[in-house]
Amino acid sequence: MTKDLSVHVHHLTRVEGHGDIVLDVKAGKIQQLQWQVVEAPRFFEAMLRGRKYSELRLITSRICGICSIGHSLASLKATEDALGIKISEQTQILRRLAINAENMQSHILHIGYLAAPDLLGVGSVVPLAGSKHHDVLLKIVTLHRLSNVMSNLICGRTTHPIRLTVGGFTKVPTKHQLEDLKASLQEALPLAKDLVGVLQSLQNKIPDFERETEYIGLSSPKEYALYDGTMTSTDTGPFHENKNYQSLMKEYVVPQSTAKYAKHARASYLVGALARFNLNSSQLHPQAQEAAEYFDMHAPCTNPFLNTYAQMIEFIHNIEDSQLLIDMLLSRGPRDEKPVTVTPKAGRGVGIVEVPRGILVHDYTLDKNGNCTKANCIIPTNQNHANIQLDMEALVPTILHKSPQDIELTLEMLVRAYDPCISCSTHYLTIHFI
Amino acid sequence: MNVGIIGLGNPLRGDDGIGIVLLNRLQTLKKPAWRDFEFLDGGTGGLSLVHDLARYTHILIIDAVDFQGEPGRHHLFSAKDFLGCNMPPKTLSTHEPGLAEVLHLASEMHTLPDIVRIFGVQPASLTFDTDLSAPVIAQVDSLTRSLSSLLDQFPRW
């Protein structure tokens with residue numbers, strides 16, 4: 001092969017944050033191929049030092065405008081772990097509803113607004129309006145609106161929740177509001193299934209690419225784990241030492257990235273909807289299982305482009321799960337509980353949840369007054385960067401015969417399939433001033 | 001009638017936060033005639049703004065808009081200016097995704113309010129800064145008066 005090729009995608013669009021793709025081929029040989037993260041670092045862990053335990057949740061929520069609920073929950077779990085606080089059953093249920101709301105919000109945004117344009121052959125979601133796909137757009141917008149309404153009802157805001165607090169909720173939805181939400185979720189189910197049909201009809205646009213890797217996520221014998229569970233790897237099984245998470249998620253730095261990379265048993269691993277599907281698909285609710293069958297997806301699914309399809313399956317699971325959680329609340333009658341009273345004390349706590357893009361860890365050390373002396377956050381997108389790079393290295397030789405435009409689009413689609421939240425991931429960096 | 005007064009902008013990016021500053025100024029005035037207006041901090045907008053637009057019949061958006069004017073000056077736009085404009089996108093709203101895209105999407109979905117007005121303020125600086133630039137600060141009182149008078153004229157926007 002004598003092909004020369006240069007692909008430089010500066011600030012890839014339809015992802016959150018700034019990342020570049022660089023590919024240089026000379027005489028058919030790859031000279032350079034890099035997924036570069038060029039977003040400015042954000043120093044959130046440093047901001048937490050010296051802050052009171054009650055402020056940590058509010059500050060870390062601002063790490064991300066998409067997964068602010070997930071950051072809040074990981075933060076609360078870490079804070080409560082450090083302070084030895086046990087939350088009520090009602091708070092557990094409401095937090096599970098909150099995490100479902102965020103998963104739905106984020107997944108439909110990615111499926112509908114960010115990934116669908118690639119599959120439908122348009123540059124963004126805007127041209128879908130008034131096109132032959134107008135009806136699809138209306139369904140996407142309706143489902144996104146419902147997800148926002150649900151976040152607003154449970155968390156008090158569409159983004160950056162205010163009702164989630166250490167030890168509980170500052171306000172609880174009423175019985176009537178929960179009944180309305182359940183009815184809206186029921187109405188949404190057929191729309192979501194229509195989208196499953198649309199995605200299935202576009203499945204032939206998904207590149208035929210497989211690369212087996214390690215998949216890491218939470219698992220639980222009780223449920224399809226999102227809020228709680230044991231860190232689990234498809235390579236090495238369950239990992240029970242929450243406080244020792246750094247031996248599972250080994251972070252390292254690379255020259256081309258302002259975000260850390262991570263690995264475990266192999267050179268890279270994958271987190272997010274596809275990892276959760278590969279670990280826990282047998283625990284999906286029935287209609288989500290049907291969607292998986294419809295996509296002919298079975299664990300282990302090793303095509304990273306199908307992460308978007310795993311998100312669609314999870315979206316349906318989240319609707320079904322939320323209906324069950326609302327039933328639990330209604331049968332008990334939502335109570336106007338006050339958050340648990342906190343007595344500050346010294347300690348270290350680790351909070352781990354699944355957020356839309358994968359497993360998220362917050363780790364805080366508090367002094368005797370409840371002020372934070374040390375913080376560490378491990379973000380899902382960090383954990384996927386190395387896997388994106390290795391996917392690219394495996395993918396490019398198989399598509400070099402294609403046109404530069406096709407190669408560029410395929411690489412863009414690969415990165416978008418991971419739904420990366422690049423701004424979240426550029427949080428690290430210790431600066432040594434000399 | 002559902003009337004929304006929406007401030008847009010990022011207060012960490014200098015004059016980009018002017019929409020939020022002016023929204024807060026209006027809210028502190030608390031004029032009785034405005035009691036049915038809903039004042040909303042729309043943040044940096046984005047696609048969620050599509051859902052907010054669907055809730056109103058009348059909407060006034062306050063935002064930093066680069067219309068190549070003197071810093072701190074304002075111009076009142078209608079949705080039509082954004083929908084059918086020939087200006088390159090960079091001369092419109094300073095946020096991503098652009099306000100023009102959101103208005104276009106809402107228009108195509110028939111969820112655009114009956115009346116849409118955009119009170120655009122010309123920024124001088126969009127750098128990382130929690131303060132507005134000097135030329136824009138100098139106009140904040142005057143801009144608040146202009147907006148207050150505009151709200152008093154409702155529904156003749």
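Here is the naming used below: chain letters follow the sequence lines, and residue numbers restart at 1 for every chain.
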Mark yes when over 12 heavy atoms from residues, nucleotides or ligands other than [X] sit less than 6.0 Å from its [atom1]; otherwise mark no.
X	atom1	answer
R73(B)	CZ	no
H176(A)	NE2	no
R49(A)	CZ	no
Q153(B)	CD	yes

Quick one: what part of V149(A) sits under 4.5 Å from any heavy atom of chain B, side chain, backbone, both or neither?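 It is neither, since no heavy atom gets under 4.5 Å.
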Using side chain to side chain contact (heavy atoms under 4.5 Å, CB included), reason through H144(A) and S48(B) one step at a time and then give a plain yes or no. CA-CA 8 Å; H144(A) 187 231; S48(B) 287; 3.8 Å; yes
Nearest heavy-atom neighbours spanning N148(A) and H51(B):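 Shortest heavy-atom contact: ND2-CD2, 3.2 Å.
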Would you compute the distance between atom CZ of R55(B) and atom CZ of R145(A) and round it to the nearest 0.5 angstrom?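 Rounded to the nearest 0.5 Å, the CZ-CZ separation comes to 10.0 Å.
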